[in-house]
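Presented below is the structure to which this report refers.
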Amino acid sequence: MLTSKQKELLLFIHERIKDDGVSPSFDEMKEALNLASKSGIHRLIVALEERGFIRRLPNRARALEVLKLPDSATLTAPPRGRQAFRPSVVGSAKPRMGDNTIPVLGRIAAGVPIEAIQHEIDRVTPPIEFADSDAHYALEVKGDSMIDAGILDGDIVILQRTDSANSGEIVVALIDEEEATLKRLRKKGASVALEAANPAYETRIFGPDRVRVQGRLAALIRKYD
């Protein structure tokens, strides 16, 4: 049996996916449920996942799927206190340029982490070995924390879709289900370190349950003016 807050969040997620085709962000969930912090949303999502009502889609930031609804669910309106909401537009998806393109799913911070983005904003043509969009996707780099690894602000990185990586590999890491960053992964016992390639930035260390790998660096595209 779900608590009132668990049910309210489940219905909100369901309505947003039905209306917009994408699950809401943690900030939107927090606002809809009038909670003080995103940690409360995280606990509700874990509880819904454990009870089999939702599941997290692999290799996609913040992506949730509703598996079932409570028998008593009413789906005619969003949760109380929530007005009609449309997400801000990150960019306009461009037409597919051909079968050898992969999606650019947003901008990723190679410095201070930014909110995870999962909307397609462009498409690029990578080297042919990375042209399978089911296996690879791209992100535009913002920031300078990976410059010593040859990754510069404005570069397009090609990522292999995966939820695992070896220590020392450069990955897209999702922190606390809400922030994404491009860093070198280091496994230190039971902890996970996200290491910059710029001495101006400190290494950040997290418990293993706070970090999810969203992709592994496979290639890089750089445009010159």
Please assess L182 against V141 for the test side-chain contact (heavy atoms from CB on, under 4.5 Å), listing each intermediate value before the final yes or no. CA-CA 8 Å; L182 183 72; V141 174; 4.2 Å; yes

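- Note: the hydrophobic cluster containing F206 also contains V171 (ILVMFWY, side chain heavy atoms under 4.5 Å, direct or indirect links).
- How far CG of D163 is from CZ of R216: 9.5 Å, rounded to the nearest 0.5 Å.
- Atom CZ of R184 and atom CZ of R186 lie 6.0 Å apart (nearest 0.5 Å).
- Looking only at side-chain heavy atoms (C-beta outward), Y137 and V172 come within less than 4.5 Å of each other.
- A side-chain donor-acceptor contact under 3.5 Å links D153 to the backbone of G143.
- The minimum heavy-atom distance between V192 and P208, with the atom names listed, is CG2-CA, 4.1 Å.
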Can you list the steps and then say if I170 with I151 is a side-chain contact (heavy atoms from CB on, under 4.5 Å)? CA-CA 11 Å; I170 296 175; I151 302 171; 4.1 Å; yes

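- Both L64 and L35 are assigned to one and the same hydrophobic cluster, defined by single-linkage of ILVMFWY side chains at heavy-atom distances under 4.5 Å.
- For the pair R107 and E140, the salt-bridge criterion is met [side-chain N within less than 4.0 Å of a carboxylate O].
- Listed by chain and residue number, H136 satisfy the ring pair (Phe, Tyr, Trp, His ring centres under 6.0 Å) test with F130 (two or more places apart in sequence, or in another chain).
- Of all the heavy atoms in I108 and T181, the pair that sits closest is CD1-N, 3.6 Å.
- The heavy-atom pair separating P126 from N100 by the smallest distance is CD-O, 3.2 Å.
- For the pair R222 and L152, the minimum side-chain heavy-atom distance is below 4.5 Å.
- Of all heavy-atom pairs between P24 and M29, the closest is O-CE, 3.1 Å.
- Judged by distance alone, with hydrogens and angles left aside, the side-chain atoms of D155 form no donor-acceptor pair with the main-chain N or O of V157 at under 3.5 Å.
- Residues V66 and L33 fall within the same hydrophobic cluster, defined by Ile, Leu, Val, Met, Phe, Trp and Tyr side chains chained together at heavy-atom separations under 4.5 Å.
- Under the side-chain contact (heavy atoms from CB on, under 4.5 Å) test applied with I158, the options I102, V104, L220, L217 reduce to a single match, I102.
- The minimum heavy-atom distance linking A193 with T203 is given by the pair CB-CG2, 3.8 Å.
- Grouping the Ile, Leu, Val, Met, Phe, Trp and Tyr side chains by contacts below 4.5 angstrom, directly or via other members, places I17 with L9.
- Distance check, rounded to the nearest 0.5 Å: CD of E169 to CD of Q160 gives 8.5 Å.
- Rounding to the nearest 0.5 Å places CD of Q6 at 10.0 Å from CD1 of I54.
- At a threshold of 4.5 Å between side-chain heavy atoms, the hydrophobic network of Ile, Leu, Val, Met, Phe, Trp and Tyr places L44 and L69 in one connected group.
- Here CD1 of I175 is found 8.0 Å from NZ of K183. Values are rounded to the nearest 0.5 Å.
- At distances below 3.5 Å, at least one donor-acceptor pair connects side-chain atoms of R161 with backbone N or O atoms of S133.
- Of all non-hydrogen atoms in A197 and A149, the two that sit nearest each other are CB-N, 3.7 Å.
- Judged purely by atom type and a 3.5 angstrom limit, K30 has no side-chain atom pairing as donor or acceptor with the backbone of G40.
- A distance of 10.5 Å separates CG of L48 from CG of L67, quoted to the nearest 0.5 Å.
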